[in-house]
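When a ligand or atom number is given, it counts from 1 through the structure's own listing order. Quick caveat: nothing in here was measured; it's all calculated off a predicted structure.
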Amino acid sequence: MSIVVTGATGNLGRHVVEQLLEKVPAEQVTAVVRSPEKAADLAERGVRLAVADYNAPETFDGLFAAGDKVLLISGNEFDKGRVRQHRVVIEAAKAAGVALLAYTSALGTLTAALADDHRGTEKALLASGVPYVLLRNGWYHEVYTENLAPVLEHGAVVAAAGEGRVSSAARADYAAAAVAVLTGEGHENKTYELGGDEAWSLSEYAAELSRQTGREIAYKPVTVEELTGVLTGAGLPGPMAAVFAGVDLSIEKGELVVTSGDLARLTGRPTTPLADAVAAALKG
Ligand SMILES: NC(=O)c1ccc[n+]([C@@H]2O[C@H](COP(=O)([O-])OP(=O)(O)OC[C@H]3O[C@@H](n4cnc5c(N)ncnc54)[C@H](OP(=O)(O)O)[C@@H]3O)[C@@H](O)[C@H]2O)c1
């Protein structure tokens with residue numbers, strides 16, 4: 001019996017494995033990776049590596065064992081059919097008879113196109129009959145704080161979210177929730193709506209940046225079309241830029257506000273304040 005984490009060399013996966021190692025012996029953890037060289041440090045610490053790719057179903061043959069608890073971290077290849085990719089993992093988990101398959105999904109309130117793959121994956125997971133947990137993650141703080149360079153350069157936060165609010169939290173918080181589910185009991189067939197304790201607006205984010213940098217940083221609201229143009233100009237392919245810009249419309253409509261309290265309840269502690277994530281990012 002192992003706790004198996006896909007996407008283990010990604011940003012969220014790294015946090016999950018790190019936090020798992022604080023709770024269970026390394027030999028009980030399996031990291032599913034595409035590039036073992038990216039996970040050499042984990043192997044050195046005794047974590048079992050399994051090399052597999054969502055695009056190659058045969059690489060998942062025999063990867064899981066009966067009784068495993070699996071975290072399927074959603075992929076980031078938006079153009080490669082993520083539902084089909086995730087279904088490969090679901091089918092392998094079903095064939096093995098895993099005890100639990102947790103999936104990092106999107107908030108149930110999110111209607112933006114970005115949520116489509118998540119709804120499709122949830123449907124496949126529920127239809128599989130595998131004991132599941134839906135970890136419906138809200139926005140990461142890092143979506144903003146890892147993109148500070150243009151904000152600082154232009155002294156402006158450019159977004160199409162109006163005065164909408166976001167209950168974001170740190171990746172480490174969402175990882176802690178996943179670890180609680182993977183190492184705890186009683187989570188079978190539960191859906192968690194996960195988000196930060198405090199919702200904030202883009203104006204408040206700009207004000208926090210101003211406070212911490214000592215510079216005037218303003219929120220510049222734009223339309224979704226204008227934002228799509230900005231993102232395309234920054235090098236994102238057109239369709240992807242439109243999908244990301246579309247999330248701002250969901251923010252304006254309040255679809256990324258989370259009031260469930262599930263994240264703090266699962267982790268047993270308050271979520272990381274946005275101000276802390278800003279401070280960490282500015283420290284670089
Ligand atoms: N809630 C939010 O705010 C938010 C924001 C961005 C993304 N997300 C979603 O949450 C996921 C995790 O976030 P993150 O920050 O950890 O993203 P990330 O750093 O981009 O990590 C994505 C992980 O998926 C793995 N992956 C992608 N395609 C794969 C494939 N074909 N086969 C096997 N593994 C594959 C990557 O493997 P490699 O390490 O080999 O590249 C990587 O480990 C993202 O993939 C995305 O679906 C959520």
Any heavy atom of Ile73 under 4.0 Å from ligand 1? The part involved is side chain
Within the 4.0 Å heavy-atom cut-off, what Glu142 brings close to ligand 1 is neither
Among Gln85, Arg34, Arg82, closest by heavy atom to atom 26 (N) of ligand 1 is Arg34
To atom 7 (C) of ligand 1, the nearest of Phe60, Tyr140, Tyr144 on a heavy-atom basis is Tyr140
Tyr205 ring center near Tyr144 ring center (under 6.0 Å): yes
How about Tyr174 and Tyr140: are their ring centroids closer than 6.0 Å? yes
Could an N or O of ligand 1 be found under 3.5 Å from any N or O of [X], whether backbone or side chain?
{"X": "Asn76", "result": "yes"}
{"X": "Gly13", "result": "no"}
{"X": "Gly75", "result": "yes"}

Strictly under 4.0 Å, does any heavy atom of Gly138 approach an atom of ligand 1?
yes
Please verify whether a non-hydrogen atom of Asn55 lies at under 4.0 Å from ligand 1.
yes
Please check if any side-chain donor atom of [X] sits under 3.5 Å from a side-chain acceptor atom of [Y], or the reverse.
{"X": "Ser203", "Y": "Glu163", "answer": "yes"}
{"X": "Trp200", "Y": "Ser167", "answer": "no"}
{"X": "Ser250", "Y": "Glu255", "answer": "yes"}

Could you identify the single nearest non-hydrogen protein atom to [atom] and state the distance to 0.1 Å?
{"atom": "atom 39 (O) of ligand 1", "answer": "Thr9 OG1, 2.7 Å"}
{"atom": "atom 14 (P) of ligand 1", "answer": "Leu12 N, 3.8 Å"}
{"atom": "atom 25 (C) of ligand 1", "answer": "Gly7 CA, 4.0 Å"}
{"atom": "atom 32 (N) of ligand 1", "answer": "Tyr54 N, 2.8 Å"}

Item to complete: Check step by step if side-chain contact (heavy atoms from CB on, under 4.5 Å) holds for Gln85 and Glu77.
Response: CA-CA 9 Å; Gln85 291 183 329; Glu77 297 176 319; 2.7 Å; yes
Take Arg45 and Leu21 through the side-chain contact (heavy atoms from CB on, under 4.5 Å) test and state the conclusion after the steps. CA-CA 9 Å; Arg45 291 163 73 186; Leu21 292 176; 3.6 Å; yes
For Ala169 and Glu142 the tightest heavy-atom approach is O-OE1, 4.1 Å
- From atom 21 (O) of ligand 1, is the closest protein heavy-atom distance below 4.0 Å? yes
Numbered atoms and elements of ligand 1 in range of [X], under 4.0 angstrom, heavy atoms:
{"X": "Val143", "value": "3 (O), 5 (C)"}
{"X": "Lys38", "value": "38 (P), 39 (O), 40 (O), 41 (O)"}
{"X": "Gly10", "value": "16 (O), 19 (O), 21 (O), 39 (O), 42 (C), 43 (O)"}
{"X": "Glu77", "value": "28 (N), 30 (C), 31 (N)"}
{"X": "Arg171", "value": "15 (O)"}
{"X": "Ser74", "value": "9 (C), 10 (O), 11 (C), 44 (C), 45 (O), 46 (C), 47 (O)"}

Looking at Arg84 and Lys80, would you say the former's side chain and the latter's main chain have a donor-acceptor pair under 3.5 Å? yes
Value for CD1 (Ile3) from OG1 (Thr30), rounded to nearest 0.5 Å, stands at 9.5 Å
Evaluate the salt bridge (Lys or Arg N to Asp or Glu O under 4.0 Å) criterion for residues Arg14 and Asp41: first the C-alpha distance (whole Å), next the side-chain angles of each, then the deciding distance (0.1 Å), finally the verdict. CA-CA 11 Å; Arg14 282 248 160 222; Asp41 58 316; 2.8 Å; yes
- Is any side-chain heavy atom of Tyr54 closer than 4.5 Å to a side-chain heavy atom of Thr59? no
